[in-house]
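Counting begins at 1 with the first residue of the sequence.
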Amino acid sequence: SDAKPEAGASTVHDYFFGPYLERAKQTKMSWVRDIQAFRHIDTDHGGTKLIDVTLAMVNRQRTDMMNTGLYKAATVNHSTKLWRQLLRQSAIEGLRPPLLGIKLLPVQNMVENYLDDQQLGKLLSVLATHENRTVCRIALWLLATGARSGEALKAKWSDIYRERRL
């Protein structure tokens with residue numbers, strides 16, 4: 001539909017399932033994930049007029065989701081990012097003024113995994129025999145040196161001490 005909604009007339013629900021989703025399908029591979037994340041927004045704010053959405057509403061929803069104990073910070077952040085995208089697009093289309101200051105939660109989702117001897121043996125066997133020799137050699141070099149990928153990408157031959165195997 002080429003008809004532009006009147007500024008402030010659309011509800012959050014109507015805007016999401018209309019102009020927002022239409023554009024997202026054209027520009028985002030993850031638009032299906034947006035539909036999943038929108039259910040958190042739609043429950044509390046789907047009937048709210050787009051023009052009436054405030055920073056306090058977005059922040060309250062984020063806090064409420066965290067306080068239920070049902071969602072991890074990353075899930076809450078998906079909903080928060082969707083708010084940002086939805087409100088940014090509606091502002092670009094002139095349907096509401098921009099809403100700045102929507103913050104994401106800090107996410108500590110790093111996990112350390114260690115291979116046991118059997119897993120390490122299997123990995124080394126694959127790296128020794130797999131047909132993609134370039135990638136295998138890179139992986140073996142990273143494992144042998146303990147270098148981080150960024151360090152490896154920036155390494156120069158002058159950084160390598162072949163006689164000392166460093």
Side-chain angles (χ1 to χ4, degrees), residues 12-13 15-46 55 58-93 98-166:
V12 172
H13 177 92
Y15 182 74
F16 177 81
F17 284 105
Y20 175 83
L21 203 54
E22 186 177 312
R23 179 160 169 74
K25 286 179 180 180
Q26 296 170 1
T27 59
K28 294 179 70 179
M29 291 176 56
S30 62
W31 64 268
V32 173
R33 178 70 178 102
D34 285 358
I35 293 172
Q36 295 167 344
F38 184 70
R39 75 179 197 276
H40 301 294
I41 295 171
D42 201 22
T43 300
D44 295 329
H45 303 294
L55 182 58
V58 174
N59 288 337
R60 186 171 36 255
Q61 181 193 9
R62 183 184 64 208
T63 301
D64 290 347
M65 284 180 73
M66 281 304 295
N67 288 343
T68 65
L70 299 174
Y71 308 105
K72 299 210 182 268
T75 301
V76 175
N77 279 345
H78 284 299
S79 177
T80 305
K81 288 177 196 173
L82 182 56
W83 267 122
R84 282 179 170 176
Q85 294 166 357
L86 184 77
L87 296 171
R88 183 182 314 117
Q89 183 175 321
S90 64
I92 289 168
E93 293 175 11
L99 184 61
L100 305 175
I102 300 175
K103 305 268 190 247
L104 298 177
L105 297 169
V107 177
Q108 300 296 329
N109 60 358
M110 296 177 65
V111 177
E112 287 189 31
N113 291 310
Y114 298 96
L115 301 180
D116 61 28
D117 290 342
Q118 182 181 5
Q119 293 168 324
L120 180 59
K122 186 173 180 178
L123 174 63
L124 293 175
S125 172
V126 168
L127 292 176
T129 59
H130 193 275
E131 64 189 41
N132 193 339
R133 298 308 314 139
T134 302
V135 171
C136 291
R137 286 185 181 115
I138 292 169
L140 283 167
W141 185 78
L142 290 171
L143 288 168
T145 62
R148 296 178 179 167
S149 58
E151 295 169 331
L153 291 170
K154 292 178 186 174
K156 299 179 186 93
W157 280 113
S158 61
D159 299 328
I160 309 297
Y161 301 104
R162 295 182 77 168
E163 63 281 351
R164 292 182 13 208
R165 301 178 63 104
L166 297 173

**Request:** Please test L21 against K25 for side-chain contact (heavy atoms from CB on, under 4.5 Å), starting from the C-alpha separation and ending with a verdict.
**Result:** CA-CA 6 Å; L21 203 54; K25 286 179 180 180; 4.0 Å; yes
**Prompt:** Got a sec, which residues hit side-chain hydrogen bond (donor to acceptor under 3.5 Å, both in side chains) with N59, two or more places apart in sequence or on another chain?
**Reply:** R62
**Request:** List for me each residue that meets side-chain hydrogen bond (donor to acceptor under 3.5 Å, both in side chains) alongside Q61, sequence neighbours excluded, and say none if there are none.
**Result:** W83
**Item:** Of all pairs that satisfy ring pair (Phe, Tyr, Trp, His ring centres under 6.0 Å), the ones with a partner from residues 126-157, not counting sequence neighbours
**Value:** none
**Request:** Please name the pair of heavy atoms, one in V107 and one in A73, separated by the smallest distance, quoted to 0.1 Å.
**Result:** CG2-CB, 3.9 Å
**Heavy-atom pair of closest approach, residues L55 and L99** = N-CD1, 3.7 Å
**Prompt:** Do Q89 and Q85 pass the side chain to side chain donor-acceptor pair (under 3.5 Å) test, and can you show the C-alpha distance, the side-chain angles, and the key distance before you say yes or no?
**Reply:** CA-CA 6 Å; Q89 183 175 321; Q85 294 166 357; over 6 Å; no
Distance in Å, [X] [atom1] paired with [Y] [atom2], rounded so as to fall on 0.5 Å steps:
X: N77; Y: K103; atom1: CG; atom2: NZ; result: 13.0 Å
X: T80; Y: L104; atom1: OG1; atom2: CG; result: 6.0 Å
X: Y15; Y: L87; atom1: OH; atom2: CG; result: 9.0 Å
X: T145; Y: D159; atom1: OG1; atom2: CG; result: 11.5 Å
X: E22; Y: T27; atom1: CD; atom2: OG1; result: 11.0 Å

**Asked** What do you reckon, is CZ of R84 surrounded by more than 12 foreign heavy atoms closer than 6.0 Å?
**Response** yes
**R148 side chain to L142 backbone, donor-acceptor under 3.5 Å** = no
Considering residues at least two apart in sequence or located in another chain, which fulfil the side-chain contact (heavy atoms from CB on, under 4.5 Å) criterion with [X]?
X: K154; answer: none
X: T134; answer: N132, I138
X: T68; answer: L70, Y71
X: D116; answer: Q118, Q119

**Request:** Kindly state each residue pair satisfying side-chain hydrogen bond (donor to acceptor under 3.5 Å, both in side chains) with at least one member in residues 33-46, sequence neighbours excluded.
**Result:** H13-D42, Y20-D34, K28-D34
**Non-hydrogen side-chain atoms of L82 and H78 separated by less than 4.5 Å** = no
**Message:** Any non-hydrogen side-chain atom of L127 less than 4.5 Å from a side-chain atom of V135?
**Reply:** no
